[in-house]
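Okay, structure first, notes after.
Just so it is clear: chains get the letters A, B, ... in the order the sequence lines come, proteins before strands, and each one is counted from 1.
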Amino acid sequence: MKERIAHLIKEAVESLFGVKESRFRVEVPREKGWGDLSTNVAFILSKSLKKSPKEVGDVLAEYLSDAGLFSDVRVEKGFINMDIKREVWIKEFASLIREGADRKFQKNIGKGEKVQVEFVSANPTGPLHLGHGRGAVVGDVLCNVLEFFGYAITREYYVNDAGNQVYLLGKSIYARYMELMGKSYPFPEEGYRGEYIRDIAEDIVREKGDMLLSLSEEEAVDFCVEYGLSAMLKRIKEDLEDLDVHFDVWFSERSLYDRGLVDEVIRILKEKDLIYEKEGALWFKSSLFGDDKDRVIRKSDGNYTYFASDIAYHYEKFSRGFKKVINLWGADHHGYERRLKAALKALDIPEDWLEVYFVQMVKLFREGKEIKMSKRSGEFVTLRELTEEIGKDAVRFMFLMKRSDTPLSIDVDVVKEKSSENPVFYVQYAHARMCGISREMKNRYGIDNLPEDFARYLNLLSLEEEMDLIKKAVMFGDELTEIVYKKEPHVITYFLYDMASLFHSYYNSHRIVGDDINISMARYTLTKGLKEIFAFALNFMGVEAPESM
RNA sequence: GGGCCCGUAGCUCAGCUGGAUAGAGCAGGGGAUUUCUAAUCCCCAGGUCGGGGGUUCGAGUCCCUCCGGGCCCGCCA
């Protein structure tokens with residue numbers, strides 16, 4: 001709807017003033033009296049046209065009045081406030097019911113463009129924690145929306161299975177193994193002390209017995225590296241699947257080395273004279289491309305840095321033909337963005353090809369107190385624990401409660417509670433109530449479905465609250481579309497919450513299925529449409545829309 | 001010392017590329033139940049948008065500066 005009106009305004013501006021203008025906004029104004037929609041276009045034009053906003057607005061308003069779409073167009077304090085005809089809203093809502101929300105809101109924005117979204121990508125050296133889970137859900141929902149709008153999405157997880165950390169994982173497991181076998185072996189200083197390491201070591205004992213004792217230390221640690229990696233990955237996959245998050249590609253960092261891609265990018269950068277040697281290490285001149293300083297890509301001990309393989313990885317992504325790549329990173333990586341972008345620039349990859357978004361950490365509260373996580377002691381709240389405690393729906397919903405780049409707090413007690421304090425239940429309950437109305441309609445009037453001519457009933461709706469619900473439902477398409485550009489899937493949660501609030505209020509003050517069959521039919525039809533929207537929106541979030549609770 | 005993010009009601013946060021009289025939930029106070037599930041609703045109270053300066057017709061939003069908080073800044077990943 002917004003888009004339709006923005007288009008209309010553009011046309012009006014062009015035919016009235018002969019200029020193209022697209023910087024203006026069409027928005028739902030804060031105050032009800034300011035129209036269904038409002039635009040600031042007159043302010044923007046007043047500068048270039050050297051006329052007052054009022055003058056510009058008056059001319060535009062008159063033009064727009066003739067479009068047949070509005071019941072009223074007026075200029076107030078320079079804003080053009082527009083009321084859309086009731087029958088237009090009703091017609092839109094009716095077609096939403098008839099076609100279904102997915103047909104109604106579908107737009108082929110992506111046109112099949114290949115886009116890769118890389119998210120989670122947690123190191124396979126420990127269980128997923130809450131921040132990873134948040135990234136998983138945000139990424140997944142973002143992908144759902146992009147797919148809906150016609151992008152060919154690849155969901156990808158980058159597995160850091162190379163480098164020192166996996167060696168440490170292997171060593172930690174080996175140390176626990178030796179411990180279990182009654183041998184003394186020092187636990188590595190920087191090793192992973194979590195309970196899961198011991199679990200893996202126990203699995204090895206169960207499967208292989210004392211087999212490792214007959215190997216050299218090096219061979220045994222190698223074995224533990226491989227065994228540990230696959231065990232960790234298996235757990236990570238399970239944790240994600242329990243949240244209904246699935247990846248198309250699990251990309252191995254190691255494979256970049258095996259395929260010679262790391263050497264290849266370094267060779268390319270060398271040819272461009274962007275690599276130099278200093279103190280036995282190899283440096284990339286990232287400072288030439290906006291980074292604060294140059295960065296090491298091969299250490300003096302001959303090992304490559306993580307940065308080196310990451311350049312190769314993104315180079316590889318580019319060669320796979322993705323038109324755009326979206327990375328969701330933990331907030332502790334924000335300093336890294338500039339470095340990577342510098343490298344991509346050096347490789348002549350367009351600047352806007354890579355978009356990076358950050359996911360902030362999640363804090364857990366219980367009985368009003370924060371549950372502190374400590375990686376050092378190996379004790380922290382894992383994603384698995386939270387999922388087991390509050391369930392998939394609540395986890396997904398809560399992770400979508402805020403913009404992903406702001407820290408999130410979750411109070412476990414509240415989420416487990418079945419009351420209005422719990423937003424998950426609040427929203428799901430609204431849907432369940434809508435289903436309850438369908439049941440009542442059947443019990444009382446034997447009506448099981450909408451008749452062919454259901455639209456005429458919508459005309460009988462006379463309450464302001466009913467129109468508010470209809471308007472908001474129709475405009476959900478606009479909010480969803482914005483996610484494509486702004487990458488902020490939490491707006492779905494806000495929409496559902498607002499919608500639920502409007503509905504609960506309506507439900508409380510008006511009988512929906514009552515003595516008057518016509519009014520009952522009208523309100524039932526309204527509810528049907530709302531239910532459609534709720535199921536549609538919840539589906540994007542990957543949260544159940546329960547029939548009853 | 002450098003970089004990034006944040007500071008909005010007691011708490012957790014919305015506030016859309018600057019727009020009209022700053023919003024919601026929770027917590028606090030008061031009310032609604034012969035129900036289509038009260039897992040709900042209604043009302044009240046609560047603010048120098050961290051301070052100061054600037055740009056602008058207009059600033060919570062942009063710029064500068066200061067204060068406060070978080071994260072990053074290794075030849076770790």
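We find that CG of A:D332 is positioned 15 Å from C1' of B:rG74, with the value rounded to whole Å.
Both geometric conditions, a ring-centre gap below 5.5 Å and a plane tilt below 30°, are fulfilled for A:W34 over the base of B:rA20.
With P as the reference atom, B:rU55 and B:rU61 are 15 Å apart, rounded to whole Å.
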| note | Writing each nucleotide of RNA chain B 5' to 3' as (, ), [, ], | or . by Watson-Crick or G-U pairing under 3.5 Å yields (((((((..((((.....[...)))).(((((.......))))).....(((((..]....))))))))))))....

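When the side-chain nitrogen and oxygen atoms of A:K402 are compared with OP1 and OP2 of B:rG15, none of them lie within a distance under 4.0 Å. Contact check, A:R25 against B:rU17: no side-chain N or O comes under 4.0 Å of OP1 or OP2. One finds no side-chain N or O of A:T493 lying less than 4.0 angstrom from the OP1 or OP2 phosphate oxygen of B:rA14.
With sequence neighbours left out, the salt bridge (charged side-chain N to carboxylate O under 4.0 Å, His left out) criterion links A:D468 to A:K32.
Here A:K107 pairs with A:E3 in a salt bridge; the nearest charged N to carboxylate O distance falls below 4.0 Å. With salt bridges taken as basic N to acidic carboxylate O contacts below 4.0 Å, one links A:R74 and A:D83. Salt bridge A:E465/A:R523: absent, no basic N to carboxylate O contact under 4.0 Å. Salt-bridge annotation for A:D515 and A:R444: present, with a side-chain N of the basic residue lying under 4.0 Å from a carboxylate O of the acidic one.
Comparing B:rC36, B:rA14, B:rU12 by their nearest atom to the side chain of A:S409 picks out B:rU12. Between B:rG19, B:rU17, B:rC41, one nucleotide has an atom nearer to the side chain of A:F79 than all others, and that is B:rG19.
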